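Since the structure is predicted, the reported quantities are computational estimates derived from the model, not experimental observations.
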Amino acid sequence: MNKTYTTKEMVSRVVDKLYQRGERIEIGGNRHAYKRKYHLKYSQLIVRKVLDAFLEEMVTVLSEGNTVKIAEYFKLEPKFYPEWELNSKICGNNLIIPEQYKPKMKLYKRLKEACKLLTKENQHLNEEGA
């Protein structure tokens with residue numbers, strides 16, 4: 001518990017997960033063998049399998065009480081929130097929120113920069129294009 005898994009360790013865990021499932025991901029190249037190294041074709045099926053395995057490993061790591069840290073992107077960790085009382089003025093009742101763990105995400109450089117580049121004009125153009 002309370003171990004931080006880095007990008008390299010998460011990649012290793014995803015590879016192990018795919019291996020345990022018996023997933024065989026074959027990547028076909030072009031006709032010529034010498035081009036195979038440089039012209040690989042990735043199908044949506046391959047990407048989906050890897051992404052699913054990655055997300056499942058994130059869930060597993062969090063459920064064990066550990067932290068996932070993807071360098072330059074984010075850090076995701078379970079955080080404990082104690083029991084607290086919510087005073088509801090609408091209902092007139094006091095609700096008791098039980099103690100619980102919730103995921104807490106800290107964003108790093110790459111994601112913060114992506115949001116800084118977003119302007120109202122860009123967002124308006126994206127909405128029109130959708």
_Keeping Glu9 on the side-chain end and Thr6 on the backbone end, is there a donor-acceptor pair under 3.5 Å?_
yes

_Test your reading of the model: is there a side-chain donor-acceptor pair from Thr4 to the backbone of Thr67, 3.5 Å cut-off?_
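Such a contact is absent between Thr4 side chain and Thr67 backbone.
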
Measure the spacing between [atom1] of [X] and [atom2] of [Y] and express it to the nearest 0.5 Å.
X	Y	atom1	atom2	result
Tyr5	Met10	OH	CE	9.0 Å
Lys49	Asp52	NZ	CG	10.5 Å
Ile97	Trp84	CD1	CH2	5.0 Å

*Does Glu56 reach the side chain of Val59, with side-chain heavy atoms less than 4.5 Å apart?*
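No, their side chains stay 4.5 Å or more apart.
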
*So do Phe80 and Glu99 actually touch side chain to side chain, heavy atoms under 4.5 Å?*
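Touching, per the 4.5 Å side-chain cut-off.
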
*Please check if Val15 and Phe54 belong to a single hydrophobic cluster, counting links between Ile, Leu, Val, Met, Phe, Trp and Tyr side chain heavy atoms closer than 4.5 Å.*
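Val15 and Phe54: separate clusters.
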
*asked:* Side-chain heavy atoms nearer than 4.5 Å, only ILVMFWY residues, links allowed to pass through others: does that put Val11 and Leu76 together?
replied: no

*From CA spacing to verdict: side-chain contact (heavy atoms from CB on, under 4.5 Å), Glu77, Lys104*: CA-CA 5 Å; Glu77 61 186 346; Lys104 179 183 175 189; 4.1 Å; yes

_Can you confirm if the NZ or CZ of Lys106 lies within 45° of the ring axis of Tyr108 and under 6.0 Å from the centre of its six-membered ring?_
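No, cation not above the ring by the 6.0 Å, 45° rule.
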
*Testing Met58, Met105, Lys75, Arg13 for side-chain contact (heavy atoms from CB on, under 4.5 Å) with Val68, which one passes?*
Met58

*Crowded around Lys17 NZ? As in, over 12 foreign heavy atoms under 6.0 Å?*
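Yes, because the 6.0 Å sphere around NZ of Lys17 holds more than 12 heavy atoms from other groups.
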
*Any chance OH of Tyr73 has more than 12 other-residue heavy atoms, nucleotides or ligands included, within less than 6.0 Å?*
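Not more than 12 within 6.0 Å, no.
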
_Please give me the minimum heavy-atom distance between Thr7 and Ile70, naming the atom from each residue._
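In terms of heavy atoms, the two residues are closest at OG1-CA, 3.4 Å.
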
*Closest approach of Glu85 and Asn94, non-hydrogen atoms and distance?*
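Looks like OE2-ND2, 2.9 Å.
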
